Amino acid sequence: MLRSAATLCVMALVGLMTPIAFADAQVLPPRSLAPNSDFSRICPPAPKPFLTRDWSKWDKSQPVIDPEEMYDAALAYAEGSSTINRDPVAAKRLLEDLADRAWIGRGRAHFRLGKLLLDPVAGPVDPERAATHLATAGSMLNMDASVLLAELHEQGRIRGANLAEAERLLRAASTSGHVDGLIKLAQLQRSGRLGQVSQTATADLVNLALQTLYGELSRGKCSALYRIGLILSDDSLVPGGIQEAMRWFEAAARQGDTKADLALAEIYLQERVKADPEIFIRHLEHAAQGGEPRAMSLLGERLMLGDRAPKDVPRAIVWLEKAGLNADSEAYKLLARHYRGEFGAAQDLPKALDALTKASKLPGHSTSILVGLARLHAIGVNGKPDVEAALTFYRRAADRGEIGALTDMAKLLLSYPQANRSENPLRLLKEAADRSHPEAMGVLADLYACSTLVAPDAAQARAWLDRAAESGHVRSILVLASQSGSDAAVAQKSAVALQRAAERGDRESMVLLSQAYRSGQGVKQDDRAADHWRDAALAPGEGRSRALLLLARRTLNGDGVARDEVAAKTFLEQSVQEGEVFSQLELGRLLITQREQSAEMQRGLQFLQGAAAAGNAAAMLALADAPGDLLRSTGKTAQEWRRAAAEAGSARAAISLASVEKNEGDAARWLSRAEALQVCTTKDMVDLAQAYHKGSGAAQSERARYWMGRALNSIEAGSKDPAALFQIGRAMIEGVGGATNSEKALGYIKLAADAGRVDAMRYLGRGYVSGQVGERSTQAAIEWLSKALRSRDGSVAADLSRLAALPNGEGAEAIAVLKEGAESGLAPAMREYGRSLQLGLGVSAQPDVGASWLRKAAEAGDTLAMKELSRAYASGYGVELSARDSTEWLQRAAKAGDAEAMYGLSLAMTLGFGTDVDAGAAQEWLKTAEGATRKRD
């Protein structure tokens, strides 16, 4: 069988070597040139450009004596180095002059200019203009240009793109022995786009490229080391060649080739090859120190996150700033995230603004930089929002094709109705929706359902909601699913929309589609498909942080999956690390409730502040509800955070402010603010009705009636959310807005309780005791309070204890429920069951058994049980009389924060009851008790 023409060409060009094929397309180098050879003997150090002037300041008025020096300067500015910061604008300016200048290297200048016009770091990419320069360079026999022009044809990036032309250009380059031409042609053949091409023919091309590079290497051209590694690392060309590629990259790195260090670091980062973090960081540092801008940015990011390297924020900042000076706008973006407090540091919004401003001045900055600047101005860098500046940056982003910026502009205008009347939010949303932006469709659905900007129109609202869902808008899909309940047709329709959005790459849709396949909701149950879409949703890449956030929310709420707070926290931690602002909010909310873990609470506070700094009004509201010490550390009061949230567009915050405002004029101002915003949830409608209900006058009553009517319509037409059902039922019983149908109100509350709302169970139980929900009924009260206790609501244990003490055995059933709760380990149930046994409330008195239950409750941390046990020891009732034990339990309750116990302990220390007399300590406990009382009041 005859050898192919390519193989014969190999032997003719590189006669000093004999090709030995292995690993599909790999050719062994001569024994003397193995990757572990000492190449320092044949590889001279790479020459550094000798520049006699600062070419970055050159303009056409200055003479050019040596075009080669000017060209060397252009390359240095285009790529950056250890001594010269990358400056693509200067590089472009020099190359444009050189491309027009009559000199021997004119073809090289056209090639480099064309290449620069395709690099986003140099500004807006211009494939057509680049193709013109590349074609000119190709006509001057510059094969580098021909190969790059072939890529533009192959990728369809230029007018008249033609695959046949791409093949022609690559074959021409290959015939001349051009390595990149050979490799690109082999890749094109392997893609199958040229029809059936034999594996042997493609292998011959790869063999020829490798033999050519081995020949260059034998002649002392050691850049070939890196290029050999690149070929071997391409699994489509050399299956399984990655380990051999690593050896060549390492050889190149030993010769000071920083591109090889970066290649090794990226292989380790992608986990194509496993390595200790120290090795990964060492290569990354070498590449960064050698002037590789991407390495600087990657190293700064790893140090900032503490990912595969010890967290070192000062060093991270140094490298990110250096990367920024090398025209890497994404490095400045990461710095801005740091200064916004996303990685746990204190916020410094002016520095965040400065970083993004620097990024916005770089030629290659993305629209996300402009959106980031808009959001910073929207929240106010120095405490006061600059809405006009925010709108300006949003407009710049929109003009560059960022459709989401139109939606963000509209939402900002809806939050500040008085701002910039030249921009109409409804028009902006419709423009974005017409350009297929699902979020805009979702906002339009909300507007027609609940905004004062347009007349309420249920048909329009539903039409936009359907369009948003069909476009894969996750929130709209969830709304439709909740409204339809178990409607199989709607579930099937939602699954189709999710499938379509998932196939387009929407990660949140992948999460929901995975859960649909897992449960068989709307699709045939298929665990394999569920695993596939979950893996796709969580694969590295853009959008992963949103998928993690959605998965965390559903795991935290038990939506479609088992509730798992630990797993949810893990998802949120990962999402926060990837920069998701809304994950900061969710993680902050979760951590700030960890009362026994102050460090976690502090972390939670930092995450909430980071989310607030990004303009998240919900985070501001969460900060308003933070515990006193944490709240004080933010430098703002609860009311100041609520005002900030209201100004950022939170109707809920404005309603909250109106509800507590004592001045009717100020209350009216906040109510007006709330009504100017979108009041879309039943909860907000009821809260707004209640706020108006507190006011005086016919106008206030009328608004209360209006909003209560809206809430009732929302409940009847929408989902039967248990929280909303409970809230509206309570408001009706209280007569808010003139609602008087107590039977319907009670029905709503019972629906909420039956759906698992513990607060609704408690409300019903207490209501049947007091008669607030209708006729008094001990049996009904015990029934609902028992359900609450079995749902682990310890606050109802005392209610059941009181019912158990009713005469004539009317509450006997309550004792059985308390006993059940006590035996299940619920501390309040242990306490109340113990008290009942001690005092004989509804059961025969057994003081010693009762005291043992009190001890169990006290040891479980119940402060009321601690005080009861203290009294028992003081009187000897059910336990042996002991002043010391009495005071010890009192002290434990005091240390747990109980003010009454603190007063008692102060008295015991004054009198020496069960402890030594200690006037100083007694005084300290007295002061602490008074402070705790004031704080409580």
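Heavy-atom basis, side chains included; hydrogens, waters and symmetry copies ignored. Everything numeric in this text was worked out from a predicted model, so none of it was measured.
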Donor-acceptor pair, [X] side chain versus [Y] backbone, under 3.5 Å?
X: Q62; Y: D59; value: yes
X: N326; Y: R86; value: yes
X: R507; Y: A539; value: yes

Between [X] and [Y], is any pair of side-chain heavy atoms under 4.5 Å apart?
X: V371; Y: F393; answer: no
X: H338; Y: L320; answer: no
X: E292; Y: E79; answer: no
X: T52; Y: I65; answer: no
X: L362; Y: V121; answer: no
X: H365; Y: Y332; answer: no
X: L349; Y: Y339; answer: no
X: P35; Y: E244; answer: yes

Could you give the distance from [atom1] ([X]) to [atom2] ([Y]), rounded to the nearest 0.5 Å?
X: L376; Y: L353; atom1: CG; atom2: CG; result: 6.0 Å
X: L210; Y: W248; atom1: CG; atom2: CH2; result: 9.0 Å
X: H153; Y: I158; atom1: NE2; atom2: CD1; result: 4.0 Å
X: I183; Y: L170; atom1: CD1; atom2: CG; result: 11.0 Å
X: L213; Y: L208; atom1: CG; atom2: CG; result: 9.5 Å
X: T212; Y: N207; atom1: OG1; atom2: CG; result: 10.5 Å

Would you mind checking if [Y] and [X] are paired as a salt bridge, meaning a charged N to carboxylate O distance below 4.0 Å?
X: E271; Y: R308; answer: yes
X: R101; Y: D97; answer: yes
X: R108; Y: E68; answer: yes
X: R247; Y: E250; answer: no
X: K184; Y: E154; answer: no
X: E151; Y: K115; answer: no
X: D261; Y: R282; answer: no

- prompt: Which is it for R337 and M304 under the side-chain contact (heavy atoms from CB on, under 4.5 Å) test, yes or no, and what are the steps along the way?
  reply: CA-CA 10 Å; R337 287 175 55 196; M304 182 68 74; over 6 Å; no
Residue pair L33 / S218: nearest heavy atoms and the distance that separates them: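 Minimum heavy-atom separation between L33 and S218: CD1-CB, 3.7 Å.
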- request: Work out which heavy atom in A109 is nearest to a heavy atom in L98; give both atom names and the distance.
  value: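 Nearest heavy atoms, A109 then L98: CB-CB, 3.7 Å.
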message: Strictly by ring-ring contact (aromatic ring centres under 6.0 Å, His included), give each pair with a member in residues 159-184 just once, sequence neighbours left out.
response: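 Sorted pair list comes back empty.
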message: Quick check on side-chain contact (heavy atoms from CB on, under 4.5 Å): which of E402, R400, R395 does L370 satisfy it with?
response: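 Testing L370 for a side-chain contact (heavy atoms from CB on, under 4.5 Å) against E402, R400, R395 leaves exactly one candidate, R400.
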- prompt: Do the ring planes of H286 and H283 sit parallel (below 30°), tilted (30 to 60°) or perpendicular (above 60°)?
  reply: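 Rings of H286 and H283: perpendicular, as their planes differ by over 60°.
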Without hydrogens or angle criteria, can the side chains of [X] and [Y] be said to hold a donor-acceptor pair below 3.5 Å?
X: Q187; Y: D234; result: yes
X: S297; Y: E330; result: no
X: S368; Y: S366; result: yes

query: Who passes ring-ring contact (aromatic ring centres under 6.0 Å, His included) against F249, sequence neighbours left out?
result: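 With neighbours one apart ignored, the set is Y226.
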message: Taking NZ in K361 as the centre, count heavy atoms belonging to other residues, nucleotides or ligands within less than 6.0 Å. Is the count above 12?
response: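 No - once you tally the heavy atoms of other residues, nucleotides and ligands closer than 6.0 Å, there are 12 at most.
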